[in-house]
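Working notes for the structure below.
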Amino acid sequence: DDDKIVVGFATAASGFMQAYDKPAQDAAMIKIDEINKAGGLLGKQIEVVTADTKTDRAEGAKAGLEVIDKGADLVVVSCDYDFGSPAALAAESAGKISFFLCAESIKAGIQGVGPHSFSASVLAPVQGATMAEWAYNKKNARKFYRLLDTWTEYNKGICDGFDWMLPRLKDAKLVGEDTFKNEDASIAAQITRIKSLPEQPDAIMLCSMMPGVVSAIKQIRAAGITAPILNGSGVDGSYWLSAVPDLSNFFTPVQGSIYGDDPNKDVTAFNAKYKEVTGADPSSQYVYPGYVMIDVWAKAVERAKSTDADAVVAELEKMKDEPTLFGPRSFSSEIHHQNRGRYLIVETDKGKPRVIDEWTISEAIPVDYLVSK
Amino acid sequence: MTEILQVVFDALSLGSLYALGALGIALIFGVMRLVNFAHGDTMAFCVFAMLWPSVDAAAIVFAGNLPAWLLIPFILAVGAGLSVLSEIIVFRRFRNTNPATMMIASFALGFVIRYFLLMLYSSRPKSIDLWSNLGLPVEILGARIPLLQVITIVTAIAILIALTFFLKRTRFGLEMRAAAENFTMARMLGVRANRVIMLAFALSGMLAAAVALILVTQTGTADIQMGGNIMLIAFIATVIGGLGSLPGAVFAGFLIGAIATVMQVVLPPEARPFRDAFVYAAVIATLIWRPNGIFMPKSAKQRV
Amino acid sequence: MTLLSVNDITVRYGRLTALRGASLTLNEGEILFVTGPNGAGKSTLMKAIAGVVKPVGGSIAFRGETISGRSPEDIARMGFSMVPEGREVFGSLTIEENLRLGIGMRADRDQAARDLEMVYSIFPVLLSRRHQHAGALSGGQQQMLVIGRALMAGPKLIAIDEPSLGLAPKVIDDVYQTLVKLRDTIGLTLLIVEQSATRAKLTGGRMILMRSGEVALEGDARELASSDALKQAYFGYGEHGK
Amino acid sequence: MAERASILSRTIATPVILGLLLTAIALLALLMGSGPFNQTIIDIFIRVILVVGLYIFIGNSGVISFGHIGFTCLGAYMTAWLTIPPPMKKMALPGLPGFVLEAKLPFWVGVPAAAIFAALIAFFFGKILMRLSGIAASIATFAMLALINQIYSNWEDVTGATSSVVGIPINRSIWPYFVATLVAVAIGYAYSISRSGLALRAARDEATAAAASGVDIPKERLRAFVISAFVMGGGGALYAHSVGVVTPDTFYLGLTFISLSMLVVGGMGSLSGAVIGVVLLSTIIQILRLFEKGVALGDTVLTIPNGVQEIAIGVIMIVILMRRPAGLIGNREVGWKGFRKA
Amino acid sequence: MAQKLAADMVSVAFEGLRALSNVTLEIPAGRVTGLIGPNGAGKTTCVNVLTGFQKPSMGRVMLDGLDISGLPAHRVRQTGIARTFQSGRLFADLTVHENLEVTGVGLGLSRREASLKADALLDWIGISALSDRLAGGLPYTDERRVAIGRALMLEPAFLLLDEPAAGMSAEEADELSRLIHRITDEVKCGVLLIEHNIGLVLKTCHSIYVLDSGEIIEFGTPDAIKASEKVRHAYMGTQADAEGEIL
Ligand SMILES: Nc1ncnc2c1ncn2[C@@H]1O[C@H](COP(=O)(O)OP(=O)(O)OP(=O)(O)O)[C@@H](O)[C@H]1O
Ligand SMILES: Nc1ncnc2c1ncn2[C@@H]1O[C@H](COP(=O)(O)OP(=O)(O)OP(=O)(O)O)[C@@H](O)[C@H]1O
Ligand SMILES: CC(C)C[C@H](N)C(=O)O
Ligand SMILES: [Mg+2]
Ligand SMILES: [Mg+2]
């Protein structure tokens, strides 16, 4: 109807995706609240409807249809591409805009859903590329080791970005590589391989995610390997650090800091707000894309002066380095995702994470490369 | 030489975990013909028993802070307790029903346990640091192997010997095997079959707890799904080892661990992701080669 | 002294009534043969006493205590030993393990050891193959094993559902001789389902005939077995009350 | 002695009644006319297909297969290979053979092709596996599932590995699913009254005696294996078209156990059990969902907390099995006068 | 129809135990051949060898001069050699009628044909009344008759019966004896009868083999067997003498 704008969340309120969807969704709600308090969007209040995907793909399609049925103008879908896409596809065929909460695969957008689909986060390959380039420049790393957990596309994406960046770094080389599986109870064999390398690596690119990544880090350090470990954003958060006491030499890219030391004071203010609303501190940087999403979408709606999908998409695609609380955002008719982005670098030293640097890769990862992977 | 030894230890340490899992599955299968799919969830339950219920990302360690001499018995008791409770509330009512029904019932029970944990702790994996210093390597014949793995290997073998002795040499073991084969007839011979089965469940629960403790020390993670994979491998090990044969189950557990480790070592990088595919192909080959399991004596085959 | 009394019990399998008000009493040291045509309910009667099937009506008392409703293991522990129809050996256990199962509830270990020797002497083949899996035995050998196993429990009352099933004639003789000897020496009470009237006649004792779930005829085995009444009752010409 | 009626005329009531039940469900979806509800019904139909597929093998042979969802996976990917627009395929799945890359087939070709493909693969696996019986066979089928899953999760060029395969044409009309479900039920019925079905059920009860009756058990098992794989493959293809994306882990343990549970709770040895089990459990799940969202009873809104639905379903399943160990329908089949012995 | 089924110097060993040693015997068509012997003598093993359930360690199984040893059990049945088992082994979840139908189907009939044959056969044996009962709940004696019916489907050339009278009363055994004769007379098949009910064997068989510890120790007509001191010593009971007093 005309007196309100509806945002539909087809996200997981149960099952394991809930751990990712809920925080990002809370952040989105904060932005929605802010907009409503400030008088709404196009003068109308934003109303929220939800449907539970139960972390199941078939349920996801239903949830998508359900929020569309309830009149959603924007369909927000599960963080992860695999679980979000059924609902996004439903939105696409209904001609609605869909936003993945924090999917980091190129498919979360034009390439995997269609021209009305976007993701609010930054591509996983950007994370891998960022860490490689940063470590090369700031840690003087030349010999890299690549350890890939083949469980998800996200993990592979990090390593893809790393692979793309490595040849661009003069003198840098790969001294070895290996794979494991997230559920592996023991990675003893992989560790033995690292330890029997003729020369120990300057840095280990670890492309993995929760929960297996913790186990891998723990076992690597227990074996006495002290080389710097580079990761994707998936390991952000201090909640798991207790598992590896006194972890050091450990680096993670993040869009914003949950540790109270973000260079941008507004982020710290947002963290406080988040705590006020949800009762807990943000547990990882993955809350932030939810906020960014509503932010950029609302701006596009204001500029289009309508919620008409095509008009809003057109406005979104005009965004070039649009500033947001968590770094600039760009969209184009080619890609609805970030193939380049500013990252804060968090170092964990003696079990304490803190922001030590900021890095933006020197060149955007070409769409062709991303798609071919 | 040391390299080979290192691989042997790597294989043994993974294998011993599987072997311990397999013992827990084989014990219940041996006594009830039940494939207990709730076993993995029992492991997860034991792990979470160390934490205070909360849906926050950060874990609130609770029992996990106890000193080892209290924590170990406590977790073993939790495993045994949950397992016995499962028997009393659920499995007891499925005596003499067909294996498929029991299996689905156990699966449903596991499902209930899993979602119960999920409600209390959320689906988020939690971190917990237990006995980190056990991760420190010790040197054996030039190979470096974390102390924890030495402990795991030794525990698995010790438990196997103790259990085998228990089942072969004591009256209880005899009664257990009898109840497994023909529940009603065993009772007609005065065997207090329910009691016997309950004890088997308690043992199996403790085995789940033992795996849970090792797993959590190794990975530092408490995850709702954490028992699942080990349970599946354990299940496979139980069958290819020879149903009802505990040494068989243990041997097969070690074998699967060894195959996986060796595959990881020898496969070229491009083929390494297919490691498990090779393992499963080996499982099929083994079954075709010895349908009754590696350790099944020929005479145990049913005659016409 | 009355050892076992079955009063008016009724057993149903779903809609089918297998026992309708069957009664019998058995005194200590007595031999009672149960005979009757196919499907008369003989095996069901045995199972009801053993506590394996639950009667819907009536009561059973053993050694002065009511046992209907008790669990099979409790009844077994009171001294009731049963050989069910159809050779229920534990095929995956060895022969000796099968036999040792029977002595679980006995306190008198010495006597148990002697009983084991006795069983081996009646059935020497079991001794020679004691460490083999019972599943490999021939049909008759399995039958020997279950009878032996029942004797190992040191029972007050042994109930055997068709002891001669699958046994060679010579072995049947041995079995009956042993049973009678045990009755004479230790006062073992025998409840035997036996299709062969001749066998009952040769052994002596009391006999009942069951038909359609009821006790149709009762009397001395020797007299009854040679009388026409038995044949008539067997096939149901004319009703004989009990 | 009365002349025995033919097997067909004695048992035809079963598929007819089941067909009517399915028709009623389809009509209900039309009547409601809501998108999500329609999708729910499509889901139920696909489940029915999968569970009927399981029934064909498991119900008749008594061998619990953990592997059949593997065939669902094969089917889903096959239809994806055939129906995704060629430009997208060339990008995402460059390793496919040329003629497949060029193909852009409609879904009503994709689905049967997928079913046939699954049946073909089942034939090869079955040749090896059907010699096994009992728990060894179960584990071997599980290993087969894991093998398929591992291959599809890692063969980047051909399956896209763990990444979702997208671009599968979505069909949200209820009719294709309805018709396919009827076909599945018909196949299930035809198999169960066939010679092979009878022989296999005999072997399930007493393998030794079946052999002594001239039954070639591995051969009969193989037949059932292939036919059921055909149904499972078709079901997988339909799933792909109902959701629009497939990944290997969709077709792994979760789906395996849910489908097996529905079969066992319904009654493992009965076609009616397979169908009614799915419909009933799905209905219960939907009702619990409703309560999760909140149901207004008078003035109070009744809501159950998140997660309770799953726990409740688990408990309900256990209770049903306690009460009826052979499943709701047991070994019987529906007939005009209630249930009859199968 | 085949005329002769024979075991030719068959030996079977199980882990050191010799269950059969060089057993040679013949089952002619149209006649009843008895096989008796103490428990564990090897009778069932012998049937297992003849029907493909047990591979002989040595020796051959000949069907009319054709070597059939090594064929799997279902193929043996398809050559016309049928058997029953010492323990019923009916298909418990199928009806009696279906139990018979299975054999028809196993031998290549359509269900319709198999069904008609089953009806006819049940009628012929006289157990049509049981037709629609589930085989699982049958009493012992009926179980045996159904098993015989199942084996008789499609008129096998040879029928091997393993203790069919166990658990039967004298009258029932008598009836069985008549049934066996009807089978040889009307179906014209050769029957091998294993029984411990000596009376039944003596009355029913044309010739009898006596097996002890895996070896044939005697072969002859019932009268000859009755008279044999060797047999009496090895097998017969003291009271249950060869007169066949105990049925
Ligand atoms: N488990 C069962 N389920 C259904 N019916 C049964 C069951 N057991 C026995 N019956 C039926 O109960 C009746 C009595 O059977 P029972 O076995 O007691 O007879 P019986 O006198 O021992 O016969 P037999 O001489 O053949 O051993 C029979 O009609 C039989 O079919
Ligand atoms: N699979 C086997 N493994 C080991 N021993 C076996 C096996 N099958 C049979 N035997 C042995 O072979 C011998 C012959 O057995 P078989 O069953 O043929 O005897 P039988 O003459 O049929 O006896 P019964 O009259 O008791 O049925 C027995 O001693 C038996 O224990
Ligand atoms: C939470 C993240 C690790 C998930 C990841 N962003 C994805 O796309 O799947
Ligand atoms: Mg009986
Ligand atoms: Mg025999």
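- Other residues, nucleotides and ligands place no more than 12 heavy atoms under 6.0 Å from the NZ atom of C:K181.
- Neither the backbone nor the side chain of C:V146 has a heavy atom closer than 4.5 Å to any heavy atom of chain B.
- C:R109 CZ: more than 12 foreign heavy atoms inside a 6.0 Å radius.
- With a 4.5 Å cut-off on non-hydrogen atoms, C:L137 touches chain B through its backbone but not through its side chain.
- When each of C:M82, C:Q132, C:R149 is checked for heavy-atom pairs under 4.5 Å with chain B, C:R149 comes out on top.
- The contact between B:R192 and chain C is made by backbone and side chain atoms together, counting heavy-atom distances below 4.5 Å.
- Surrounding CZ of B:F165 are at most 12 heavy atoms belonging to other residues, nucleotides or ligands under 6.0 Å away.
- The closest donor-acceptor contact from the side chain of B:E181 to the backbone of C:G91 lies under 3.5 Å.
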Side chain to side chain contact (heavy atoms under 4.5 Å, CB included) evaluation trace for C:S92 with B:R177:
CA-CA 8 Å; C:S92 69; B:R177 286 180 288 142; 5.7 Å; no
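- Atom CG in C:N98 sits 9.0 Å away from atom CE in B:M185 (nearest 0.5 Å).
- Side-chain contact between B:M188 and C:E88 is absent, with no heavy-atom pair separated by less than 4.5 Å.
- Counting heavy-atom neighbours within 6.0 Å of B:R92 CZ, excluding the residue itself, gives a total above 12.
- Comparing B:V191, B:L189, B:T184 by how many heavy-atom pairs each has under 4.5 Å with chain C, the most go to B:L189.
- Between the CG atom in B:L174 and the CG atom in C:L101 there is a gap of 4.0 Å [rounded to 0.5 Å].
- With a 6.0 Å radius and a threshold of 12 heavy atoms from other residues, nucleotides or ligands, B:F116 has its CZ atom at or below the threshold.
- When heavy atoms are compared at a cutoff of 4.5 Å, C:T94 does not approach chain B at all.
- Looking at B:A186, the atoms closer than 4.5 Å to chain C (heavy atoms on both sides) sit in the backbone and in the side chain alike.
- With C:R77 contributing its side chain and B:G190 its backbone, the two residues share a donor-acceptor pair below 3.5 Å.
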